[in-house]
Amino acid sequence: MPTRRSFLRNVAGASGLVFVGCGFGGVAAQAGQTSRPTKRAPVLLRGRRIRTVDIHAHCVVAAAADLLKRQVNRQPAHLLDGQAFTDRLRVMDAQGIDIAVLSINPNWYDIDRDLASQVIRIQNEALAEFCASHRDRFAAFASVALQFPELAAEQLEQAVKKMGLRGVAIGGSV
C-alpha cells in the first residue's frame, strides 16, 4: 500500500502541485463528478458580469511534503486533483469561479530555520511557476515561516516582488 507521500508524488505530475480540500470540499467534490464539460456560469451584479475569485483553494507541493517527511493535512478532506488539471477547471467552471487563489495549509511552523527556508522556497517557487503558466485562472498566496519573523518578512518580499505572488497565507494557529 502506498504511503501518503508516494501518493502525492505520483499524482502531482509535472507541476508538483496537488489540489486538496480543507473540509469545505463537499460542493467542489460534487461539481467535479460531472464528466461533461460545463460552461462557466457568469455572475452578474446590476446586470454587469463580475469576475469571481475563490480565495480558499488549497494545494500541496509534493516535493515540500517529502522534505518534511510527515503527513501533511492531518485530517485530509476530499482530494480534488488526483484527477487532472482539466477536472479542476471543470469544478471551477461549474461553481462560476473565474480565478482560484491557491494557498498551502501551514504545517511547517514547528521546524527549524534551515528546513523552514527550504520548504518555503520550494512551495513558493512551485506556486509561482504554476500560476505563471495559468495566469488567466490561478493566483497564489505565499507561504512564510512565521516562527522566524525576519525570515518571514524576507520570504514575503521576495514572493510578492520577484515571484508575482499576491500576498501571504497565515495559519490560524502559529
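None of these values were measured; they are calculated from a predicted model.
Linking ILVMFWY side-chain heavy atoms closer than 4.5 Å, directly or via other members, places Leu146 and Leu151 in two distinct hydrophobic clusters. Transitive grouping of hydrophobic side chains (ILVMFWY, heavy atoms separated by less than 4.5 Å) brings Val160 and Ile120 into a common cluster. A single hydrophobic cluster is seen to contain both Leu115 and Ile122, as judged by linkage of ILVMFWY side chains at heavy-atom distances under 4.5 Å, directly or through other members. Note on Leu102 and Ile170: same hydrophobic cluster, where clusters join Ile, Leu, Val, Met, Phe, Trp and Tyr whose side-chain heavy atoms are under 4.5 Å apart, directly or indirectly.
At least one side-chain heavy atom of Leu68 sits less than 4.5 Å from a side-chain heavy atom of Ile111. No side-chain heavy atom of Leu89 sits under 4.5 Å from any side-chain heavy atom of His134. Side-chain contact between Gln118 and Trp108: absent, with no pair of heavy atoms (C-beta onward) separated by less than 4.5 Å.
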Test Val60 against Ile104 for side chain to side chain contact (heavy atoms under 4.5 Å, CB included), laying out the working first.
-> CA-CA 6 Å; Val60 171; Ile104 299 172; 5.6 Å; no
Full working for side chain to side chain contact (heavy atoms under 4.5 Å, CB included) between Val101 and Phe138 | CA-CA 6 Å; Val101 181; Phe138 292 95; over 6 Å; no
How far apart are the C-alpha atoms of Arg113 and Glu150, what are their side-chain angles, what is the distance that settles it, and do they pass the salt bridge (charged side-chain N to carboxylate O under 4.0 Å, His left out) test?
-> CA-CA 11 Å; Arg113 185 183 179 99; Glu150 49 308 314; 3.1 Å; yes
Side chain to side chain contact (heavy atoms under 4.5 Å, CB included) assessment of Leu127 paired with Cys59 | CA-CA 9 Å; Leu127 287 168; Cys59 63; 3.7 Å; yes
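Between Asn124 and Ala159 the shortest heavy-atom distance is ND2-CB, 4.1 Å. For Arg88 against Ala100, the heavy-atom pair with the smallest separation is NH2-CB, 4.5 Å. Val61 and Gln123 make their closest contact through CG2-CA, 4.0 Å (heavy atoms, listed as atom of the first residue, atom of the second, distance). Summarising the geometry of Tyr109 relative to Val144, their closest heavy-atom pair is CE2-O, 3.7 Å, with the distance given to 0.1 Å. Among all heavy-atom pairs drawn from Gly96 and Val43, the shortest one is O-CG2, 4.2 Å.
Put simply, CE on Met163 and CG on Leu165 are 7.0 Å apart, with the number rounded to the nearest 0.5 Å.
Listed for the Ser103 side chain is no donor-acceptor partner under 3.5 Å among the backbone atoms of Phe141. Checking side-chain atoms of Gln155 against main-chain N and O of Ala145 turns up a donor-acceptor pair under 3.5 Å. Panel note: side chain Asp98, backbone Thr52; a donor-acceptor pair is recorded below 3.5 Å. Within the 3.5 Å criterion, the main-chain N or O of Ile99 finds no donor-acceptor partner in the side chain of Asp54.
Arg137 has a carboxylate O that lies under 4.0 Å from a charged side-chain N of Asp93, or vice versa, which qualifies the two as a salt bridge.
Counting non-hydrogen atoms of other residues, nucleotides and ligands closer than 6.0 Å to CD1 of Ile50 gives a total above 12.
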